[in-house]
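Within every chain, numbering begins at 1; the chains are lettered A, B, ... in the order of the sequence lines, protein sequences first and strands thereafter.
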Protein chains: 2
Amino acid sequence: MFASLTHTQIRKPLLHEEIVARLRTLIFHGELLPDVRVPEKDLCQRFGISRTPLREALKVLASEGLITLLPNRGARVTRLTPADAEELFPIMGALEALSGELACLRASDSDIAEIRALHYQMALHHARVEHHQYSQLNQAIHRKIMETARNPSLTSVYDGLEGRVRRVRYLANSSRQRWNEAMFEHEAILRALEDRDGEQLAVLLKSHLMSKLGAVKRALGSISYSSECL
Amino acid sequence: MFASLTHTQIRKPLLHEEIVARLRTLIFHGELLPDVRVPEKDLCQRFGISRTPLREALKVLASEGLITLLPNRGARVTRLTPADAEELFPIMGALEALSGELACLRASDSDIAEIRALHYQMALHHARVEHHQYSQLNQAIHRKIMETARNPSLTSVYDGLEGRVRRVRYLANSSRQRWNEAMFEHEAILRALEDRDGEQLAVLLKSHLMSKLGAVKRALGSISYSSECL
DNA sequence: AACTATCATTTTGCATACAAAATGCAATAA
DNA sequence: TTATTGCATTTTGTATGCAAAATGATAGTT
């Protein structure tokens with residue numbers, strides 16, 4: 001009895017899990033900046049907890065690469081160097097390519113219809129030069145393809161990497177020309193998916209990521225390094 | 001001064017890092033079996049430490065997927081289900097494919113010579129039906145290709161996944177026929193590398209991994225599940 | 001002035017202590 | 001017998017305390 005009702009059990013959220021989540025959002029929102037030392041005591045006071053669960057949370061984030069732990073010298077948000085970006089984007093490209101292949105194998109007609117809808121909504125925001133909404137839909141499309149691949153391990157590996165480059169994503173479409181290119185690439189991506197041409201979709205997604213890497217690198221070059229990003 | 005000498009600093013090894021490493025080897029050596037509960041106190045006594053660093057180590061291993069942490073119910077080694085294998089092998093295939101592409105771009109002649117040497121040594125052990133030595137060299141080849149790709153992030157993501165499937169690897173070449181096939185595939189892999197044909201090498205490495213998945217699945221099917229593996 | 005040396009302070013790493021939750025078992029009821 | 005309840009024990013989650021290492025400021029030396 002209670003078969004279907006109570007199987008989704010209610011769990012009191014564990015403190016260190018809470019802390020992992022809250023630290024992640026702090027990092028993503030730029031409230032914790034790269035390379036600045038954050039004493040454990042400060043974070044403890046901020047969250048109103050003791051050091052034990054905080055330290056457990058830091059270990060988890062460190063093993064994700066989001067923060068760096070220097071022995072006896074505290075934790076700091078990992079600074080993403082151009083070299084890191086150059087390593088990470090090809091990996092993400094390979095994983096997105098795989099997601100595309102699997103998605104072509106497994107997508108239902110309604111999956112594709114959903115992605116098509118997202119695509120045309122995105123195209124609209126592109127035409128209206130609405131960066132933020134465009135960006136949201138762009139991410140939604142890639143997430144939906146990833147989800148359609150129905151490989152949770154793939155998703156979680158990808159998300160781990162995505163978190164590390166999150167703060168430079170917005171640099172990708174900073175030039176108008178690159179933005180137009182990206183939109184063009186997305187047209188081809190949609191077509192490959194509609195044709196369920198997995199091989200083609202894989203190639204497109206991979207090169208899409210590599211173009212993005214190029215754009216990010218150019219943008220990084222022009223902000224001359226010292227400033228607050230990365 | 002001391003520019004080059006002391007930059008590789010001598011660090012007193014931190015306890016929780018030690019513990020992460022030791023737990024990993026315990027798991028790989030099969031001394032900690034999947035799904036059996038291991039109370040923290042037992043592990044503490046085994047290592048002669050307190051619970052704090054142990055718990056920090058467990059958090060790290062959990063975020064790698066090697067162990068599973070159930071809230072208030074302890075830690076246990078993650079059991080690799082056939083479904084997990086089916087998710088993980090394609091990911092590893094995509095990553096190995098990328099390693100092959102990059103290796104072709106970056107390999108020096110001596111890198112290739114080294115891999116060739118490993119290959120022919122492996123062929124010798126194959127001919128002599130020496131499973132263990134064959135297996136060692138097989139791994140060495142794949143590691144060397146990965147290393148030649150010169151992408152440390154790629155290596156570390158790959159290693160993380162590799163750790164999770166480690167205990168089923170040895171099932172891959174359990175049938176003689178599969179073993180011959182694998183050797184045949186390796187001939188083609190070596191040739192593509194010698195030709196520095198990155199695209200071809202990527203395809204070969206990927207399908208090599210997928211064949212391995214097939215072999216592992218068949219082997220898993222025939223051992224009827226209950227026994228100690230996975 | 002620049003470079004060391006010294007020492008108080010801060011911060012980290014680990015051990016211990018205590019509270020809440022889960023587990024196991026015996027006693028009871030159906 | 002089979003379930004179920006209640007309680008003692010074990011185990012986990014978090015807080016605190018203590019020792020070692022790092023940091024920072026001051027004083028002394030060249």
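The CG-P distance, from B/Leu69 to D/dG13, rounds to 7 Å in whole Å. Rounded to whole angstrom, the span from the CD1 atom of B/Ile49 across to the C1' atom of C/dT16 amounts to 14 Å. Following rounding to the nearest Å, A/Glu56 (CD) and C/dG13 (C1') show an atom-to-atom distance of 14 Å. Between the CD atom of B/Glu40 and the P atom of C/dA22 there is a distance of 15 Å, rounded to whole Å. Here D/dA22 presents its C1' atom at 7 Å from CG of A/Asn72, a figure rounded to the nearest Å. Rounding to whole angstrom units, CZ of residue B/Arg55 and P of D/dT14 are separated by 7 Å. Rounded to whole Å, atom C1' of C/dT11 lies 13 Å from atom CG of A/Leu70. Atom-to-atom, CG of B/Leu14 to P of D/dA21 comes out at 11 Å; the value is rounded to the nearest Å.
Summary of the strand contacts: B/Gly74 and A/Ser50 both lie near DNA chain D, and taking for each the nucleotide with the nearest heavy atom, the more 5' one is attributed to B/Gly74. Of the two residues near DNA chain D, A/Pro71 and B/Ala75, the one whose nearest nucleotide lies more 5' is B/Ala75.
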Ignoring hydrogens and angles, write down the donor-acceptor pairs under 3.5 Å from the side chains of residues 83-93 of chain B, residues two or more places apart or on other chains.
residue	atom	partner	partner atom	Å
B/Asp84	OD2	B/Thr81	N	3.1
B/Asp84	OD2	B/Thr81	OG1	3.1
B/Glu86	OE2	B/Lys217	NZ	2.8
B/Glu87	OE1	A/Ser153	N	3.1
B/Glu87	OE1	A/Ser153	OG	2.4

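For CZ of A/Arg73, the number of neighbouring non-hydrogen atoms (other residues, nucleotides, ligands) closer than 6.0 Å is 12 at most.
The side chain of A/His16 contributes no N or O atom lying less than 4.0 Å from OP1 or OP2 of D/dG13. OP1 or OP2 of D/dT23 sits under 4.0 Å from a side-chain N or O of A/Arg37. Between B/Arg73 and D/dT12, a side-chain N or O to OP1/OP2 separation shorter than 4.0 Å is absent. Side-chain N/O atoms of B/Thr52 include none lying less than 4.0 angstrom from OP1 or OP2 on C/dC14.
Distances were taken from every side-chain heavy atom of A/Arg51 (C-beta onward) to each of C/dC14, C/dT11, D/dT12; the shortest belongs to C/dC14.
You'll find the side chain of A/Trp179 reaches within 4.5 Å of the side chain of A/His131, heavy atoms only. Residues B/Glu64 and B/Lys59 form no side-chain contact, since every pair of their non-hydrogen atoms from C-beta on lies 4.5 Å or further apart.
Relative ring orientation between A/His142 and A/His208 is described as parallel, the plane-to-plane angle staying below 30° on a 0-90° scale split at 30° and 60°.
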